[in-house]
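Sharing a structure with you now.
Naming: A, B, ... by sequence-line order, numbering from 1 per chain.
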Protein chains: 2
Amino acid sequence: MAVANAAVKILMEAPVPEKRMRNRAATEQAILDAAKRLLAEEGFQNFGINAVARGAGCDKQLIYRYYGGLDGLVEAIGADLGSWVKDRIPDDTGGMFLLTYGDLMERLALLFLDALRADPLMRRIVAWEVSENSEQVRRLSEARSKALAGWIERMRGSLTPPKGIDAQAVNAMIFAAIQHVVLSATLSNQCAGLVLKTARDWEKASTALKRIVRGVYG
Amino acid sequence: MAVANAAVKILMEAPVPEKRMRNRAATEQAILDAAKRLLAEEGFQNFGINAVARGAGCDKQLIYRYYGGLDGLVEAIGADLGSWVKDRIPDDTGGMFLLTYGDLMERLALLFLDALRADPLMRRIVAWEVSENSEQVRRLSEARSKALAGWIERMRGSLTPPKGIDAQAVNAMIFAAIQHVVLSATLSNQCAGLVLKTARDWEKASTALKRIVRGVYG
DNA sequence: CTTGTTACTCACCGCTCGGTGACAGATTGG
DNA sequence: CCAATCTGTCACCGAGCGGTGAGTAACAAG
């Protein structure tokens, strides 16, 4: 029995020569990558110690040792979110000069829409934020909020909103709309009766978004 | 040991004379109520057969028998959602005549905002919709969508949107904004940097919403 | 080679989950 | 009266979860 098991073990491990080395840094990275991949692909529902360890191909004990458990790992994901800003800032303003606050917000809204559509991890985090209120998700939420605020700040330049308009409240509504539309469409290809499947459908959404922004800021 | 257990059992059951009767209809209702309560209060995360049975004070076997499992129970909740429409339709138009499509949409938006804020079950369902794509939530989502569409239809009357505007897309954005703002605020008292705690804060949100609607529809 | 330290694995714990089969007591029909 | 049916309870299954303590293999220093 023991002999047979040993034989099986050898046979199983033979075609896997690329065995991970004894390398703490690499293992930590593998764990973090697995966590992000798992969260992005499977969502927060089945996100747990066992699943991450399985995904990283190591023992869960290492997650406790290197990250202090799931909480610490989630925090590490949050820290990684800071890089989101850098990746999403285009070098130029898309060939147009942002003369007015309306120009800026229209561009920000469309950029954010596309960025969120293209980023499954960020989408899962947003969904998590509106579904749970644990300490974990609160820190993650804070990191995302900071990253987003920083992104907007860097894009804003010196433009200021028109007087007489509560831009913070209006912008919150606009960004809320984008987030919910993208989340809803990702899972069900529609939002509030509006089908969002083809590029043509999304054009409609963009147009509506522009119209809303322009309606408020001119 | 067995004798001691029996004694304990008698002692524990003694002060509970209000034993539920043998009454299938009442038990079914108790299960459904418990399910709705649980979903509304705890969210979909810990929503399961065991939890519902515990909440209803009966054995989970009865849920399988009477509803055919969790799926059937969720479907029953969805069927119940139809009553949402009736509860949320005010008899009058709030003392104002809805002369324009803008009037209508402003009123609908504000009504929907308040209704969602006041309805924890509906909020949990919306959060569920953007977090999971199981068959369960898809049916629930469909029921909610139908209820909402019917509600809007009955409020709309004979008003039609202005030409040249993709009202369906714009309205989807507006309703998406409301849903996300309410969800986010419920769990974290803020949305996209906008604090939403006091009635004063919510006034700001309402004002912004009105401004957006009026900006589009005049 | 010996001795520690570091990186990593394994076996096991208690618990809850969804799901099922067997059974007990009340009710009803003949 | 017995028998069937309905309502409800209970014990149990395998599986997966988060978490932990003990052990093992690689490496560096002496």
(message) Is there a side-chain contact between B/T27 and the phosphate of D/dT7, meaning an N or O under 4.0 Å from OP1 or OP2?
(response) no

(request) Answer yes or no: is there an ion pair linking A/R138 with A/E135, defined by an N-O contact shorter than 4.0 Å? (result) yes

(request) Would you sort out whether B/S134 and B/Q136 count as a side-chain hydrogen bond (donor to acceptor under 3.5 Å, both in side chains), showing the intermediate values? (result) CA-CA 5 Å; B/S134 60; B/Q136 277 180 16; 4.8 Å; no

(request) Measure from the side-chain heavy atoms of A/R54 and tell me the nearest of D/dT7, D/dG19, D/dC17. (result)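 Among D/dT7, D/dG19, D/dC17, the one nearest the side chain of A/R54 is D/dC17.
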
(message) Measure CG/A/L73 against P/D/dG18 and give the value in whole Å, please.
(response) 12 Å

(request) Quickly work out the B/N46 CG to C/dT16 C1' distance and round it to whole Å. (result) 11 Å

(request) Report the distance from atom CD of A/E28 to atom P of C/dT6, rounded to the nearest whole Å. (result)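 Rounded to the whole Å, the gap is 14 Å.
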
(request) For the pair A/T207 (side chain) and A/E203 (backbone), establish whether a donor and an acceptor sit closer than 3.5 Å, ignoring hydrogens and angles. (result) yes

(message) Check the phosphate of D/dG18 against A/N50, side-chain N and O only, distance under 4.0 Å to OP1 or OP2. Yes or no?
(response)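 Affirmative; the distance criterion is met.
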
(message) How many whole angstroms separate atom CG of B/L62 from atom P of C/dG18?
(response) 16 Å

(message) Whole angstroms only, please: what is the CD1-C1' distance between A/I49 and C/dC15?
(response) 17 Å

(request) Check the distance between C/dG19's C1' and B/Y66's OH and give it to me in whole angstrom. (result)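 Taking atom C1' of C/dG19 as the reference, OH of B/Y66 is at 18 Å.
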
(request) Specify the separation, in whole Å, of atom CZ of A/F47 and atom C1' of D/dG16. (result) 17 Å

Residues 29-43 of chain A, side-chain donor-acceptor partners within the protein, below 3.5 Å, at least two apart:
{"residue": "A/Q29", "atom": "NE2", "partner": "A/D33", "partner atom": "OD1", "Å": "3.1"}
{"residue": "A/K36", "atom": "NZ", "partner": "A/D80", "partner atom": "OD2", "Å": "2.6"}

(message) Could you check whether A/R156 pairs with A/E153 (Lys NZ or Arg NE/NH1/NH2 to Asp/Glu carboxylate O, under 4.0 Å)?
(response) yes

(request) Any chance you could list the contact pattern along nucleotides 20-28 of chain C? Use B for base contacts, S for sugar-phosphate-only contacts and - for none, protein heavy atoms under 4.0 Å, 5' to 3'. (result) BB---BB--

(request) Could you state the atom-to-atom distance from CZ of A/R24 to P of C/dT5 in whole Å? (result) 16 Å

(message) Less than 3.5 Å apart, any donor N or O on the side chain of A/Q190 or A/S188 sitting next to an acceptor on the other?
(response)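 No donor-acceptor contact under 3.5 Å links the two side chains.
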
(request) Kindly assign one of parallel, tilted or perpendicular to the pair B/W128 and B/F47, based on the angle between their ring planes and the thresholds 30° and 60°. (result)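 It falls in the perpendicular class, over 60°.
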
